[in-house]
Amino acid sequence: MEKILIVSKTPASIEKLSDMIEKCSAQLIEGVLSARDAAEKLDETEYDIIVINAPLADDSGLSLAQKARAKDVGIVLLINSDVVDKVQEVTEDLGAFLVEKPINPPLLIQGIRFVAAAQKRYISLRLENSRLAQKVEDIKVINRAKCCLMQTLNLSESAAHRYIEKQAMDTRKPKRHVAERILKTYEF
């Protein structure tokens, strides 16, 4: 875990939360007093986790949590026990970890560690998804180039495939690059 942003109404509560969270071995713990300041921090710095001590002076905490989710930041939401049922459904959609007040420090630390682990897994899956999407796009372009070669040069599919592979090896370029060049040459 790298960076944690604490958002709370008072400097004393930020200091108290910082003291509790230091046990999570975060490299950077910063605190702000409002949702507006937190939103600015989220825009200028990449945080791994945001701890929102709701309600805030200028927000219930939910709008800030939604902004944090849009930035792929893990969310720990500290809320009063009387509103847990009201916000639970919304926070589940955000993937936020709820901690009821009064805060149990070991539960808070466990929640932060859980959110950190979930964030790592989420980012890993997102990167894998992006890599696979790129691979699918490459295959589509290569298949279009094969079809183009089959139509214009009357090659079989296997011959078109071999042609693209050989060109890629000979020019030391990716097959996608060769396929794009073929499409520029033969496609109308």
Side-chain angles (χ1 to χ4, degrees), residues 1-140:
M1 171 178 1
E2 302 284 328
K3 299 176 187 173
I4 298 176
L5 178 63
I6 299 171
V7 189
S8 190
K9 283 192 255 192
T10 65
S13 59
I14 290 174
E15 187 176 329
K16 190 173 182 179
L17 288 168
S18 291
D19 291 344
M20 286 183 213
I21 292 171
E22 279 180 352
K23 296 175 181 148
C24 293
S25 31
Q27 288 181 350
L28 176 70
I29 299 173
E30 292 184 329
V32 293
L33 299 170
S34 69
R36 186 178 56 78
D37 292 343
E40 288 175 9
K41 284 281 197 182
L42 288 172
D43 286 339
E44 58 191 46
T45 307
E46 287 186 29
Y47 291 95
D48 299 303
I49 295 176
I50 185 169
V51 177
I52 303 170
N53 187 7
L56 302 169
D58 60 346
D59 185 53
S60 68
L62 295 177
S63 297
L64 179 57
Q66 289 171 336
K67 180 164 179 87
R69 175 48 54 207
K71 300 263 185 191
D72 291 334
V73 176
I75 305 161
V76 176
L77 188 59
L78 312 177
I79 59 170
N80 294 324
S81 57
D82 59 333
V83 295
V84 169
D85 294 334
K86 294 176 187 171
V87 298
Q88 192 158 12
E89 189 174 312
V90 174
T91 56
E92 283 176 2
D93 291 342
L94 293 172
F97 188 88
L98 294 180
V99 178
E100 290 183 36
K101 296 181 200 175
I103 299 167
N104 176 349
L107 179 63
L108 176 62
I109 291 167
Q110 182 182 9
I112 289 172
R113 288 184 176 146
F114 175 79
V115 170
Q119 274 302 102
K120 286 179 185 172
R121 181 75 175 136
Y122 170 75
I123 289 170
S124 167
L125 290 172
R126 213 175 97 214
L127 290 172
E128 178 69 7
N129 186 35
S130 177
R131 187 186 67 76
L132 290 172
Q134 181 62 47
K135 195 170 187 173
V136 167
E137 283 302 311
D138 291 350
I139 290 170
K140 285 179 182 179

>> Please check: side-chain N/O of D58 versus main-chain N/O of R36, any donor-acceptor pairing under 3.5 Å?
In response: yes
> Is the backbone of I14 close enough, under 3.5 Å, to the side chain of S18 for a donor and an acceptor to pair up by distance?
Replying inline: yes
>> Using the rule given for side chain to side chain contact (heavy atoms under 4.5 Å, CB included), can you reason through L94 versus Q66, listing the C-alpha separation, both sets of side-chain angles and the distance that settles it, and then say yes or no?
In response: CA-CA 7 Å; L94 293 172; Q66 289 171 336; 3.6 Å; yes
Would you name the heavy atoms of [X] and [Y] that are closest together and state the gap between them?
X	Y	result
Q119	D48	CG-O, 3.8 Å
S81	E100	CB-OE1, 3.2 Å
V7	A35	CG1-N, 4.4 Å
P11	L33	N-CD2, 3.6 Å
R69	G74	NH2-CA, 4.3 Å
I103	V99	CG2-CG1, 4.4 Å

Rounded to the nearest 0.5 Å, how far does [atom2] of [Y] lie from [atom1] of [X]?
X	Y	atom1	atom2	answer
L64	L5	CG	CG	8.0 Å
Y122	N129	OH	CG	9.5 Å
E40	T45	CD	OG1	11.0 Å
D138	L132	CG	CG	11.5 Å
I52	D59	CD1	CG	8.0 Å
I112	L107	CD1	CG	10.0 Å

Quick one: are [X] and [Y] in side-chain contact, heavy atoms under 4.5 Å?
X	Y	answer
T91	L62	yes
N80	P55	yes
I29	L17	no

> side-chain contact (heavy atoms from CB on, under 4.5 Å) with I50: which of I6, L77, I75?
Replying inline: I75
Within a 6.0 Å radius of atom [atom1] on [X], are there more than 12 heavy atoms belonging to other residues, nucleotides or ligands?
X	atom1	result
E15	CD	no
Q88	CD	yes
E128	CD	yes
K101	NZ	yes

> Sequence neighbours excluded, which residues qualify as side chain to side chain donor-acceptor pair (under 3.5 Å) partners of S60?
Replying inline: none
>> side chain to side chain contact (heavy atoms under 4.5 Å, CB included), that's the test. Do V51 and L78 meet it? Break it down for me.
In response: CA-CA 7 Å; V51 177; L78 312 177; 3.8 Å; yes
>> Test side chain to side chain contact (heavy atoms under 4.5 Å, CB included) on R131 and Q134; report intermediate values, then the result.
In response: CA-CA 5 Å; R131 187 186 67 76; Q134 181 62 47; 5.8 Å; no
> Can we say D43 and K71 salt-bridge, meaning some charged N sits less than 4.0 Å from an Asp/Glu carboxylate O?
Replying inline: yes
